[in-house]
Amino acid sequence: MRSEKLQTFVLSSLDYGDSDRIVSLFSLEHGRIKAFARGARKSRKRFGPALEPFARIVIQAHIKEGLSSLQQADIISIYPAIRADLGRIAHALYACELVDVITPEGHPVPRLFRLLAAYLERLETTAAIEDDRRFFEINLLNILGYRPSLETCSRCDAPFDVGGAVLQDGGEALCRFCSAGGRPLAPAALTTLAACLKTGIFGQIHFPPEVLQQAGNLLNEAISAHSGRRLKSLEFLQQISR
Ligand SMILES: [Zn+2]
């Protein structure tokens with residue numbers, strides 16, 4: 001067992017027994033890991049508020065497959081502006097839960113680490129909007145290799161540029177000839193999503209309302225196909241958005 005210093009985000013935190021906690025962390029160095037924080041509940045002195053969801057922390061830990069052991073946690077940011085706004089909290093919790101359920105354990109994904117960092121920075125400095133959430137999602141799917149085809153039909157390879165596409169359950173986009181029904185995806189929805197992949201900067205892509213709706217349908221389908229279960233934070237997010 002070796003002791004290492006890691007850059008991490010807290011994805012979720014679970015009470016264990018009377019005095020301990022198990023935290024899920026997304027680290028730059030090893031991707032998603034689980035860590036045991038002995039005494040984290042009993043003594044706030046030891047870890048303080050460092051183990052709250054979406055906190056950015058530097059940890060010292062004994063790294064072990066399955067369950068690492070947390071020795072020390074130093075806060076880089078707890079994102080105080082996010083924590084003062086219910087809409088921003090809902091979006092930050094959703095982003096963390098999505099990373100928690102969709103990434104493989106123990107595999108570093110530095111580009112996704114930077115994307116999550118950029119999204120939390122964005123939420124810290126500006127109100128939560130759906131454009132940013134969708135920007136985060138399409139980039140996340142792309143980085144993990146789960147991005148649906150935005151340019152051509154995944155069955156016959158016909159380009160979507162003129163007629164757009166038809167969304168299937170499960171997030172697949174097909175041309176009109178290959179699909180036997182489904183929800184429409186206008187060319188603008190597909191090109192807006194493609195544009196999100198060309199810039200790594202939040203706030204540069206604007207989704208018109210009808211594009212936001214259609215792009216959202218595609219992302220919802222693709223994410224639920226790959227996350228395997230319904231995200232708890234999604235209900236909170238939908239309540240907030242109503
Ligand atoms: Zn086709």
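Atoms within each ligand, like the ligands themselves, are counted from 1 in listed order. What's counted below: heavy atoms across the whole structure, side chains too, no hydrogens, waters or symmetry copies. Please read all numbers here as calculations on a predicted model, not as lab measurements. Starting from 1, each residue takes its place in the sequence as its number.
- Between the side chains of S3 and Q60, at least one donor N or O sits under 3.5 Å from an acceptor N or O.
- Here H30 pairs with nothing under the ring pair (Phe, Tyr, Trp, His ring centres under 6.0 Å) rule; sequence neighbours left out.
- Panel note: side chain Q168, backbone V166; a donor-acceptor pair is recorded below 3.5 Å.
- The ring pair (Phe, Tyr, Trp, His ring centres under 6.0 Å) search around F9 returns F113, not counting sequence neighbours.
- The existence of a salt bridge linking R230 and E235 is confirmed by a sub-4.0 Å separation between a basic side-chain nitrogen and an acidic carboxylate oxygen.
- Around the Zn ion (ligand 1), the protein atoms of type N, O or S found under 2.8 Å away are C153 SG, C156 SG, C175 SG, C178 SG, listed by chain and number.
- Residues that satisfy the salt bridge (charged side-chain N to carboxylate O under 4.0 Å, His left out) test with D85, not counting sequence neighbours, are R88.
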